[in-house]
Protein chains: 2
Amino acid sequence: MQANILIVEDDTILANDIAEMITPFASSTIAHDGENGELLGKNGIFDLAILDLMLPQENGYDVLGHWRTEQHLELPILILTAKDTLTDKLRGFNLGADDYLTKPFHREELIARIKALLKRSGLLSDETLLQVADFTIDLNRRTVTYKKQSLQLNGKEFDLLVYFAQNPNVIITKERIFDRLWGFESETALTVVEVYISNLRKKLKTVTADQSIKTLRNVGYLFEVNK
Amino acid sequence: MQANILIVEDDTILANDIAEMITPFASSTIAHDGENGELLGKNGIFDLAILDLMLPQENGYDVLGHWRTEQHLELPILILTAKDTLTDKLRGFNLGADDYLTKPFHREELIARIKALLKRSGLLSDETLLQVADFTIDLNRRTVTYKKQSLQLNGKEFDLLVYFAQNPNVIITKERIFDRLWGFESETALTVVEVYISNLRKKLKTVTADQSIKTLRNVGYLFEVNK
DNA sequence: AGTTTTAAGCTTCATTTATGGTTGATCCAC
DNA sequence: GTGGATCAACCATAAATGAAGCTTAAAACT
């Protein structure tokens with residue numbers, strides 16, 4: 001699966017420019033102000049966010065803060081801004097940013113930094129093996145093995161497991177799963193998620209006894225993995 | 001568990017300076033040239049490496065290259081160097097660096113970047129862990145432990161404890177609890193709060209004798225904690 | 001044929017309401 | 001001021017409720 005990047009940047013030209021540069025390895029969505037950016041990010045369907053600080057409606061610090069403290073989003077966040085003082089940088093890092101690049105910058109450096117972050121989360125397309133606990137997931141061949149036993153998963157079941165594997169030990173709401181796998185605009189009923197959870201659990205049960213997918217009623221699902 | 005950092009830097013003063021600054025959250029080992037640095041890194045005992053590029057014996061690019069391609073070391077690597085051209089940076093990232101900081105730099109920024117990298121690898125205590133008195137509350141997994149004993153709390157009980165833990169030694173009125181957990185507009189009767197206070201107290205009693213939730217009649221509740 | 005989606009019945013359990021009991025502040029008679 | 005009556009605030013338990021989630025199978029896509 002390709003990485004999915006959120007670009008929060010009010011400079012339309014720059015935003016489109018960035019979007020264009022990352023097409024070879026990621027898809028992207030652009031938000032032109034803080035409020036929209038925060039809202040989009042909340043969906044939890046992005047693997048990385050590029051965040052400007054000086055934005056209309058809501059500044060980047062607030063967006064970052066809300067994401068990290070209210071939504072507990074764990075996606076890597078790269079701040080891209082003209083604010084170049086030490087104080088600004090420290091504030092960004094303290095709020096939970098992963099990287100901080102100041103304008104003006106070389107496009108190639110931005111790309112390199114994005115790739116470095118994606119590589120860490122195992123999301124860069126040349127990094128095809130996702131290893132979590134006893135699962136080995138081959139994102140290119142779309143195959144799964146659990147302790148050497150291979151697992152036969154169909155499309156959405158596979159996507160679901162990948163999403164869990166990319167977010168182990170974090171609660172994921174049913175809505176997030178839905179948005180990520182079906183897209184916000186989908187007409188499908190939200191309850192499909194339950195069906196796929198059920199199917200996936202059944203298949204996992206054929207290879208392991210322990211239920212790694214926990215249900216937290218009224219909250220979400222949790223892929224529990226002991227490191 | 002403390003992080004263990006390798007500093008490969010020929011400037012003794014700087015190396016010691018860095019080592020000193022990270023002592024609060026990590027232990028460190030210093031190598032003064034590339035050859036020694038590479039050798040030390042090969043041990044695979046480090047959680048992060050800070051790597052200079054211009055080094056005696058063997059330059060940093062080679063060290064980095066060997067680590068990543070021959071040893072397949074996966075530790076995060078931060079390049080710290082005077083080489084500030086785009087070409088240098090790209091080369092560093094292409095060889096597998098995770099971050100690249102150019103000299104001169106602010107010590108605080110280096111620390112912030114190191115922490116950001118460690119946080120990603122789960123080696124820096126996560127701030128989603130809420131520690132109050134003997135309680136450890138994991139906001140991501142919605143789990144609670146009291147002195148190592150785990151506590152099973154359902155949705156609203158957990159939310160209530162979190163609210164208290166975020167406001168220790170402060171009086172909270174019943175109305176504020178209600179507004180926070182149920183929302184202003186809720187149709188529910190205010191007395192649910194009492195029910196949940198009761199339930200929470202009962203569950204807390206299974207792990208500790210002392211009543212930390214005090215009632216202040218006609219005023220509110222108080223989560224009493226001796227710091 | 002294989003995958004995705006909907007539908008339907010069923011189970012579970014968090015939430016809410018209801019009930020009766022306890023506490024403790026306030027008032028008043030003595 | 002002492003003792004009792006009163007009353008509202010609060011506690012504890014339990015039952016009711018209903019929404020959330022599970023499972024299966026059939027329908028509708030591809």
Side-chain angles (χ1 to χ4, degrees), chain A residues 1 141-144 150-164 171-206 211-224, chain B residues 141-144 151-164 171-206 209-224:
Chain A
M1 192 192 268
R141 297 169 54 209
R142 295 180 69 87
T143 56
V144 180
S150 87
L151 253 181
Q152 214 60 36
L153 299 184
N154 68 30
K156 284 259 164 24
E157 288 165 4
F158 180 83
D159 294 340
L160 182 56
L161 181 61
V162 169
Y163 193 28
F164 275 128
I171 294 171
I172 313 176
T173 65
K174 202 182 293 179
E175 285 75 16
R176 278 206 189 151
I177 294 173
F178 183 78
D179 286 347
R180 169 80 185 219
L181 268 68
W182 281 266
F184 329 53
E185 308 283 70
S186 173
E187 295 294 312
T188 314
L190 186 63
T191 51
V192 262
V193 177
E194 292 163 26
V195 175
Y196 277 94
I197 292 276
S198 173
N199 293 343
L200 182 55
R201 276 180 175 152
K202 203 200 282 184
K203 293 202 175 174
L204 291 185
K205 207 185 280 181
T206 64
Q211 271 282 30
S212 27
I213 302 174
K214 294 250 161 65
T215 301
L216 301 176
R217 191 174 251 254
N218 292 321
V219 181
Y221 295 96
L222 177 66
F223 188 61
E224 210 167 35
Chain B
R141 304 172 64 169
R142 294 179 71 93
T143 55
V144 180
L151 255 180
Q152 214 62 34
L153 300 185
N154 67 28
K156 285 254 155 52
E157 288 164 5
F158 181 84
D159 294 340
L160 182 57
L161 181 61
V162 169
Y163 194 24
F164 276 129
I171 295 170
I172 313 175
T173 66
K174 203 182 292 180
E175 284 74 16
R176 291 190 72 183
I177 294 174
F178 185 78
D179 287 347
R180 159 93 177 223
L181 269 69
W182 280 265
F184 317 67
E185 305 285 75
S186 173
E187 295 293 312
T188 316
L190 185 63
T191 52
V192 263
V193 177
E194 293 164 24
V195 175
Y196 276 94
I197 291 277
S198 171
N199 292 343
L200 183 55
R201 276 179 175 152
K202 200 203 283 185
K203 291 203 175 174
L204 291 186
K205 207 185 281 181
T206 64
D210 36 300
Q211 270 285 28
S212 24
I213 302 174
K214 296 256 155 61
T215 301
L216 301 175
R217 190 172 252 258
N218 291 318
V219 180
Y221 295 96
L222 178 65
F223 188 62
E224 210 168 36

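All heavy atoms count here, side chains included; hydrogens, waters and symmetry mates do not. This one's a predicted model, so the numbers in the text were calculated from it and none came from an experiment.
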Starting at CG of L200(A) and ending at P of dT4(C), how long is that distance when rounded to a whole Å?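 Those two atoms, CG and P, are 13 Å apart.
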Could you give the NZ-to-P distance, from K203(B) to dT13(D), as a whole number of Å?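 Roughly 13 Å, once rounded to whole Å.
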Atom of I177(B), atom of L160(B) and distance for their closest heavy-atom approach: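 Closest heavy-atom pair between I177(B) and L160(B): CG2-CD1, 3.6 Å.
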Write down the atom of K174(A), the atom of Y221(A), and the distance for their closest heavy-atom approach.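 K174(A) and Y221(A) have their closest heavy atoms at CE-OH, 4.0 Å.
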Check this one for me: any side-chain N or O of [X] less than 4.0 Å away from OP1 or OP2 of [N]?
X: W182(B); N: dT16(C); value: yes
X: Y196(A); N: dT23(D); value: no
X: K174(B); N: dA9(D); value: no

Residues two or more places apart in sequence or in another chain: which of them pass ring pair (Phe, Tyr, Trp, His ring centres under 6.0 Å) with F164(A)?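 Per chain and number, F164(A) pairs via ring pair (Phe, Tyr, Trp, His ring centres under 6.0 Å) with F223(A).
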Applying ring pair (Phe, Tyr, Trp, His ring centres under 6.0 Å), can you list everything that pairs with Y196(B), at least two apart in sequence or on another chain?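 Partners of Y196(B) under the ring pair (Phe, Tyr, Trp, His ring centres under 6.0 Å) test: W182(B).
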Set of residues satisfying side chain to side chain donor-acceptor pair (under 3.5 Å) with respect to [X], sequence neighbours excluded:
X: T143(A); value: none
X: R180(B); value: Q166(B)
X: S186(A); value: T188(A)
X: K156(A); value: none

With sequence neighbours excluded, what pairs up with K203(B) under the side chain to side chain contact (heavy atoms under 4.5 Å, CB included) test?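 For K203(B) the side chain to side chain contact (heavy atoms under 4.5 Å, CB included) partners, ignoring immediate neighbours, are L151(B), L153(B), E157(B).
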Could you go through residues 212-220 of chain A and list every donor-acceptor pair under 3.5 Å that involves a side-chain atom there, pairing it with any protein atom two or more places apart or in another chain?
residue: K214(A); atom: NZ; partner: E224(A); partner atom: OE1; Å: 2.4
residue: T215(A); atom: OG1; partner: R201(A); partner atom: NH2; Å: 2.6

Run the salt bridge (charged side-chain N to carboxylate O under 4.0 Å, His left out) test against R142(B) and tell me which residues pass, sequence neighbours left out.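 With sequence neighbours excluded, R142(B) shows a salt bridge (charged side-chain N to carboxylate O under 4.0 Å, His left out) to D159(B), given in chain and number order.
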Can you give one letter per nucleotide of nucleotides 24-30 of chain D, 5' to 3': B if a protein heavy atom sits under 4.0 Å from the base, S if only from the sugar-phosphate, - if neither? B------
Near DNA chain D, counting only heavy atoms under 4.0 Å, which residues of residues 211-220 of chain A show up?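 Of all residues in residues 211-220 of chain A, the ones placing a heavy atom under 4.0 Å from DNA chain D are T215(A), R217(A), N218(A).
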Would you indicate what Y221(B) reaches in the nucleic acid, counting non-hydrogen atoms under 4.0 angstrom: base, sugar-phosphate, or nothing?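 Contact class for Y221(B): sugar-phosphate only.
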Rounded to 10 degrees, the angle between the two terminal axes of the helix from dA1(C)-dT30(D) to dC30(C)-dG1(D), each from five pairs: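 Helix axis angle between the two ends: 30°.
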